[in-house]
Amino acid sequence: MFDTDNDGTLDLAEVKKAAAALFAKLDPDHDGTLDARELRGRLTAKELAAADPDRDGTLTLDEYLSVVEQRFNAANPDKDGTLDAKELNSRAGRALLRLLR
């Protein structure tokens, strides 16, 4: 679904593109931020606080994409820059997918 080049893996650019598209959908008031309600359980309160450097209780697109990148890197233990089905099915991979769906 997110594999736009159909190579059977996801790279960071594909993941960030999917995350940015989802961010836009989750932001119904179009204020450029997501609060806990708009995130709909994709992040716990603790994860939201950790991802919110300005402590305003919301995430901007850049802050959201930073979390996505951290989770991508956590799901990519071989550091090859791509995630295959096995990596996506890992605990870290599933945590990343929660931010894309």
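Both backbone and side-chain heavy atoms feed into the values below; hydrogens, waters and symmetry mates do not. Just so it is clear, the structure is predicted and the values come from calculations on it, not from any experiment.
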Colleague: Looking at R91, I want to see if its CZ is surrounded by more than 12 non-hydrogen atoms of other residues, nucleotides or ligands under 6.0 Å.
Modeller: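 At most 12 heavy atoms, drawn from other residues, nucleotides or ligands, come within 6.0 Å of this atom.
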Colleague: Can T33 and D31 be counted as having a side-chain donor-acceptor contact under 3.5 angstrom?
Modeller: yes
Colleague: Do L59 and D52 touch side chain to side chain, with heavy atoms closer than 4.5 Å?
Modeller: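 The answer is yes, as the side chains (C-beta and beyond) meet within the 4.5 Å cut-off.
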Colleague: Could you go through L43 and L99, starting from their C-alpha distance and side-chain angles, then the distance that decides it, and tell me whether this counts as side chain to side chain contact (heavy atoms under 4.5 Å, CB included)?
Modeller: CA-CA 8 Å; L43 293 174; L99 297 179; 3.8 Å; yes
Colleague: Can a donor-acceptor pair be found, under 3.5 Å and without considering hydrogens, that links the side chain of D27 to the backbone of G32?
Modeller: yes
Colleague: Find the distance between CZ (R37) and CG (L26) and round it off to the nearest 0.5 Å.
Modeller: 10.5 Å
Colleague: Salt bridge check, E47 against R98: does any charged N sit closer than 4.0 Å to a carboxylate O?
Modeller: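 Between E47 and R98 there is no salt bridge, as every charged N stays at least 4.0 Å from the carboxylate O atoms.
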Colleague: Out of curiosity, L65 CG to Q70 CD, how far, rounded to the nearest 0.5 Å?
Modeller: 11.5 Å
Colleague: To the nearest 0.5 angstrom, please state how far the NZ atom of K17 sits from the CG atom of L12.
Modeller: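 Between atom NZ of K17 and atom CG of L12 there are 14.0 Å.
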Colleague: Would you confirm whether E14, through its side chain, and T4, through its main-chain N or O, come within 3.5 Å as a donor-acceptor pair?
Modeller: yes
Colleague: With side chains defined as the heavy atoms from C-beta onward, is the minimum distance between L100 and M1 less than 4.5 Å?
Modeller: no
Colleague: About how many Å separate CG of D80 and OG1 of T82, when rounded to the nearest 0.5 Å?
Modeller: 3.5 Å
Colleague: Would you call E87 and F72 a side-chain contact if the rule is heavy atoms closer than 4.5 Å?
Modeller: no
Colleague: Out of the candidates N73, V68, V67, N76, only one should pair with L96 under the side chain to side chain contact (heavy atoms under 4.5 Å, CB included) rule; please name it.
Modeller: V68
Colleague: Enter the distance from F23:CZ to E63:CD here, rounded to the nearest 0.5 Å.
Modeller: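 Here the interatomic distance stands at 8.5 Å.
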Colleague: To the closest 0.5 Å, what do you measure between OH (Y64) and CG (L22)?
Modeller: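 Between atom OH of Y64 and atom CG of L22 there are 4.5 Å.
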Colleague: For G57 and L48, work out which heavy atoms get closest and say how close.
Modeller: O-CD2, 4.1 Å
Colleague: Checking side chain to side chain contact (heavy atoms under 4.5 Å, CB included) against K86, which of L88, D84, N89, L83 comes through?
Modeller: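 Option passing the side chain to side chain contact (heavy atoms under 4.5 Å, CB included) with K86: D84.
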Colleague: Where do A75 and P77 come nearest, in terms of heavy atoms and distance?
Modeller: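 Of all heavy-atom pairs spanning A75 and P77, the closest is O-CD, 3.0 Å.
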